[in-house]
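Comments concern the structure below.
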Amino acid sequence: MGNTDSRYPPPAAPPGPAPVDLAARVDAFTADFFPSGRYTVPGAAQRRAVADGVLGALDGRTGEAERALARAGYRITGFTEAVTGRPVTEIAETAVGDGRGWGRVYLDRSVRPAWSVQVPHPASDVRTEALGVELFRAVPGGVLVLAGAHRRAGADGSSDVAHRSDTVFAAVVEALTLRGLPGIQLHGFGAASLPGRDAVVSSGAGRPGPAAELTAAGLGGAGLVVRRAWREPGARLAGATNVAGLFAAGLGVPWLHVELAYGVRADPARRAAVARVLAATVRGWDADQQGRRRRSIT
């Protein structure tokens, strides 16, 4: 018979993997993003393989996703995010520091992914990557898409993923947009670029909708001086030529382009306030999607 004496408790189960702090993980990933870094333009088959892998992971077709990603030198890692306690899937290049610079994707698996936050210029638009993580944490069901190199690392602007369609970043964002996932793309500007303003909100090439107005009003309520690009034809920093915005506009999928001054991005308290405003925008999209699903059932 086994010993049931309480003085001799059964051995503890081995601990599971430690939770992962996503902010620290992203900071480590982007720490060596410099204009002098290397970047390699991916081929069409490689771009398609990563996009297919992301969609497979989103759908829970893990085996198919792993096979597709392997063709492009990517792999899947799952972990529990330390701050939220939610399960997260990381899709990242297998080799680190090989100079390709194609980027990463994070999926929140606590619910079915339903929206995306896009960070095309991590490190170069300082702390947009940190804001991306904060927004990803704020609302379940997000997809965080990160570029993998400084925007000036590639020859002839090839690593500026906001304005190039031949990138892994663009392939993933387009695949998500084709699924109908609305997105917010984060950018930054210097004080000299737009004196006296803290933020610019636009819908890129699309028509401004309720989300744009809600976001601009929310940022204003948080104390930021906001430019609404749709009220100023030809306004700078409006994202009118952004490839993700053009693609979303063509499909009628909601998409926002948010530019923030350095002083906002670099201040943790102001950055957190922006994340709360953008989270409200995302929740509005989610409510709209649920309403459409209910109407389609009835």
Taking all heavy atoms of [X] and all of [Y], pick out the closest pair and write down the distance.
| X | Y | answer |
| --- | --- | --- |
| Ala222 | Ala273 | CB-CB, 4.4 Å |
| Ala51 | Ala175 | CB-CB, 4.1 Å |
| Ala49 | Ala72 | CB-CB, 4.0 Å |
| Val143 | Leu107 | CG1-CD2, 3.5 Å |
| Ser110 | Pro87 | N-CG, 3.8 Å |
| Pro182 | Ala114 | CD-O, 3.4 Å |

For the [atom1] atom of [X] and the [atom2] atom of [Y], what is their distance to the nearest 0.5 Å?
| X | Y | atom1 | atom2 | result |
| --- | --- | --- | --- | --- |
| Arg197 | Leu260 | CZ | CG | 14.0 Å |
| Glu129 | Arg265 | CD | CZ | 9.5 Å |
| Leu256 | Ile184 | CG | CD1 | 5.5 Å |
| Leu181 | Trp285 | CG | CH2 | 10.0 Å |
| Tyr74 | Glu90 | OH | CD | 10.5 Å |
| Phe169 | His121 | CZ | NE2 | 8.0 Å |

- Message: Is a donor from one side chain sitting under 3.5 angstrom from an acceptor on the other, for Ser158 and Asp156?
- Response: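 Result is no, nothing qualifies.
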Donor-acceptor contact below 3.5 Å, side chain [X] vs main chain [Y]:
| X | Y | answer |
| --- | --- | --- |
| Arg227 | Ala199 | no |
| Ser202 | Gly204 | yes |
| Trp115 | Pro140 | yes |
| Glu232 | Ala229 | no |
| Ser159 | His150 | yes |
| Arg127 | Asp267 | no |
| Asn242 | Ala244 | yes |
| Glu81 | Val83 | yes |
| Trp102 | Gln46 | no |
| Arg276 | Ala138 | no |

Under 4.0 Å between a Lys/Arg side-chain N and an Asp/Glu carboxylate O for [X] and [Y]?
| X | Y | answer |
| --- | --- | --- |
| Arg151 | Asp125 | yes |
| Asp198 | Arg270 | yes |
| Asp59 | Arg179 | yes |
| Asp21 | Arg137 | yes |
| Glu134 | Arg271 | yes |

Beyond-backbone contact of [X] with [Y], side-chain heavy atoms, under 4.5 angstrom:
| X | Y | answer |
| --- | --- | --- |
| Val88 | Phe136 | yes |
| Asp166 | Arg47 | yes |
| Ile76 | Leu69 | yes |
| Phe247 | Val253 | no |
| Val172 | Val50 | yes |
| Thr89 | Asp108 | no |

- Message: Applying side chain to side chain donor-acceptor pair (under 3.5 Å), can you list everything that pairs with Arg48, at least two apart in sequence or on another chain?
- Response: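 Result, side chain to side chain donor-acceptor pair (under 3.5 Å) vs Arg48: Asp52.
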- Message: Side-chain heavy atoms nearer than 4.5 Å, only ILVMFWY residues, links allowed to pass through others: does that put Val264 and Val226 together?
- Response: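 Yes, same cluster.
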- Are Val243 and Leu186 linked, directly or through other ILVMFWY residues, by side chains that come within less than 4.5 angstrom of each other?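 In one cluster with Val243: Leu186, no.
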Side-chain donor-acceptor pairs of residues 212-219 under 3.5 Å, sequence neighbours excluded:
unit_1	atom_1	unit_2	atom_2	d
Glu213	OE2	Trp230	NE1	3.3
Thr215	OG1	Ala211	O	2.7
Thr215	OG1	Thr281	OG1	2.6

- Item | Aromatic ring pairing His187/His257, orientation class (parallel under 30°, perpendicular over 60°, tilted between) |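 If you compare the ring of His187 with that of His257, the planes turn out parallel.
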- With side-chain contact (heavy atoms from CB on, under 4.5 Å) as the test, would you mind laying out the steps for Thr177 and Leu251 before giving the verdict? CA-CA 8 Å; Thr177 305; Leu251 295 175; 4.0 Å; yes
- Option from Thr128, Val117, Val119 for which side chain to side chain contact (heavy atoms under 4.5 Å, CB included) with Leu146 holds: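 One option only clears the test, and that one is Val119.
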- Message: Tell me whether the count of non-hydrogen atoms from other residues, nucleotides or ligands lying under 6.0 Å of OH in Tyr262 goes above 12.
- Response: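 Counting other residues, nucleotides and ligands, OH of Tyr262 stays at 12 neighbours or fewer.
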- Message: Apply the hydrophobic cluster definition, ILVMFWY joined by side-chain contacts under 4.5 Å directly or through others, and give me every member besides Val200.
- Response: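 So far as hydrophobic clustering goes, Val200 is joined with Phe189, Leu194, Leu237.
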- Task: Kindly indicate, with the supporting measurements, whether the criterion side-chain contact (heavy atoms from CB on, under 4.5 Å) is fulfilled by Trp255 and Gln185.
- Result: CA-CA 8 Å; Trp255 185 86; Gln185 194 167 113; 3.6 Å; yes
- Step by step, would you call Val139 with Arg283 a side-chain contact (heavy atoms from CB on, under 4.5 Å)? CA-CA 7 Å; Val139 186; Arg283 293 188 187 100; 4.1 Å; yes
- Message: For Leu135 and Val133: C-alpha separation, side-chain torsions, deciding distance, then whether side-chain contact (heavy atoms from CB on, under 4.5 Å) applies.
- Response: CA-CA 5 Å; Leu135 179 54; Val133 171; over 6 Å; no
- Measure from NZ or CZ of Arg104 to the centre of the six-membered ring of Phe29, then state whether that distance is under 6.0 Å and the direction lies within 45° of the axis.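 Yes, cation above the ring, under 6.0 Å and within 45°.
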